[in-house]
Amino acid sequence: MKYIQIGNVRIEKTAALAPMASVADKAYRTMAKGFGAAYCVGEMASCKGLVYSDRKTAELLSVSEFERPMGVQLFGAEPEFMEKAVKIAERYSPDIIDINAGCPMPKIVCGGAGSALMKTPKIFGELVRAAVEATGIPVTVKIRAGWDENSKNAVEMAKIAEENGAAAVAVHGRTKEQLYAGNADWNIIKAVKQSVSVPVIGNGDVKSVEDCVRMYEYTGCDLVMIGRGSYGRPWLFGQIRDYFSGKTPRFEPDLDEKLNIMRRHIALLVEDKGERTGMKEARRQAAWYIKGIEGAAALRNRFGSLNTLADLDELISEISGNAN
Ligand SMILES: Cc1cc2nc3c(=O)[nH]c(=O)nc-3n(C[C@H](O)[C@H](O)[C@H](O)COP(=O)(O)O)c2cc1C
């Protein structure tokens, strides 16, 4: 097994779980980690929310021992708030503090944060510097390819991050204008890798062991990060880890195994958020787990009306009884 080093943090060179607000929560990360994700990043948290003591924002920073090495992610546009937010984040003892410079959501971009920073490289540099000077924890950044096709400045942004003390740069190879559509440009990830000496994390469109291997080979990146490709498939991290441990990647689970894994995931969700919220959020996660299985469309409706874990168990035994 190979490792990479981000500051003082050693990470297996397999695949990391990308930060995904309202998707990759603690339950999701725990599943990914349990199957072998090398590194996880929490859901983005607002610097201002933290500074103004918003409890819900602060909850996004919680790090369990099981999830380590784990990063927490901050978004903001003012260096003073970044500095204070980093000090608050430190209390949760994350292994890494990551700055979001990629989120395209209007409410984030309007405040000058997330991918808006791709248009304000100077402020971006100041944010990185403010964070780095506020803490001894390694600070990393997550950027996009650029704002739009005509302004792909990921290389410039990565250099600025490095000059200001960032310990690694993650690059999602899409522009802000692309949102999540079209293909990620792996050439830009390669160009960033060739321009900085800190580790580069490649991200965008990795959905299989083969994609992961291709991204390493094509871009030369130090670590591959997976977002949507892991929806309802935490075992993907196990398959990738098998491959890089010199083993044959484990098979895709059969229906009963998938249902078991989904049950574990939903139980964690309920444990973390309570049955009411947990089961509501479980509906979307469940739809991802059953994607592609026979009768998935009808099942999605049934999953859509689940309210309790007991309902879930009933549905699972029905599905698995019908299939056997
Ligand atoms: C639902 C969703 C939420 C996301 N939330 C965040 C976030 O909080 N912070 C961040 O840096 N990126 C966020 N992203 C972007 C992902 O981390 C990743 O860069 C993007 O999905 C591309 O990778 P993929 O093709 O493997 O999905 C989010 C993406 C999705 C789909």
Side-chain angles (χ1 to χ4, degrees), residues 14-26 28-29 32 37-47 49-50 56-57 59-61 70-76 85 89 94 96-109 111 113-118 124 127-128 139-146 154 157 161 166 168-186 188-189 192 200-212 214-216 219 221 223-234 236-237 240 281 284-285 287-288:
T14 52
L17 172 65
M20 289 188 284
S22 72
V23 170
D25 54 11
K26 188 172 291 294
Y28 195 111
R29 296 192 301 268
Y39 168 60
C40 299
V41 184
E43 301 166 86
M44 61 178 178
S46 151
C47 289
L50 291 172
K56 281 231 169 315
T57 307
E59 279 169 9
L60 298 173
L61 300 183
M70 179 176 155
V72 297
Q73 193 186 57
L74 302 176
F75 70 89
I96 287 173
I97 296 179
D98 187 51
I99 298 177
N100 181 318
C103 180
M105 274 162 60
K107 74 171 186 202
I108 308 289
V109 172
S115 59
L117 293 169
M118 303 292 301
F124 172 67
L127 282 177
V128 175
V139 171
T140 60
V141 298
K142 184 158 172 285
I143 61 176
R144 281 194 175 234
M157 293 285 286
V169 177
V171 187
H172 172 199
R174 283 189 181 76
T175 63
K176 184 267 171 193
E177 288 292 289
Q178 278 181 287
L179 302 174
Y180 297 98
N183 294 328
D185 176 1
W186 289 9
I188 200 101
I189 300 171
V192 169
V200 171
I201 302 171
N203 169 239
D205 296 343
V206 173
K207 300 188 187 77
S208 64
V209 178
E210 293 73 26
D211 292 341
C212 181
R214 259 193 323 113
M215 181 178 269
Y216 275 122
T219 67
C221 69
L223 184 63
V224 166
M225 179 174 258
I226 302 178
R228 293 162 298 167
S230 69
Y231 281 180
R233 299 171 65 221
L236 174 59
F237 294 101
I240 291 171
E281 295 187 10
R284 181 169 52 157
Q285 302 281 353
W288 287 327

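Just so you know, ligand 1 is whichever comes first in the structure, and atom 1 is the first atom listed for that ligand.
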S.K.: Which residues satisfy the side chain to side chain donor-acceptor pair (under 3.5 Å) test with Lys176, sequence neighbours excluded?
M.R.: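 Listed in chain order: nothing, the list is empty.
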S.K.: For residues Ser230 and Met20, determine if any side-chain heavy atom of one lies less than 4.5 Å from a side-chain heavy atom of the other.
M.R.: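 A side-chain contact under 4.5 Å exists here.
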S.K.: With the side chain counted from C-beta on, respond yes when Leu60 and Met44 share a heavy-atom pair under 4.5 Å apart, and no when they do not.
M.R.: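 Side chain of Leu60 against side chain of Met44, heavy atoms only: no contact under 4.5 Å found.
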S.K.: Identify, chain by chain and in numerical order, each protein residue with a heavy atom under 4.0 Å from an atom of ligand 1.
M.R.: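 Its neighbours under 4.0 Å (heavy atoms only) are Ala18, Pro19, Met20, Ala21, Val23, Met44, Gln73, Asn100, Lys142, His172, Arg174, Tyr180, Asn203, Gly204, Asp205, Ile226, Gly227, Arg228, Tyr231, given by chain and number.
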S.K.: Look only at the side chain of Tyr28 and the backbone of Tyr231, and say whether a donor-acceptor pair between them is shorter than 3.5 Å.
M.R.: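 Pair found, side chain donor or acceptor close to backbone of Tyr231.
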S.K.: Would you say the side-chain atoms of Arg29 pair up with the backbone N or O of Leu17, donor to acceptor, closer than 3.5 Å?
M.R.: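 It does not hold such a pair.
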S.K.: Between Tyr216 and Val224, is any pair of side-chain heavy atoms under 4.5 Å apart?
M.R.: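 Yes, at least one pair of side-chain atoms sits under 4.5 Å.
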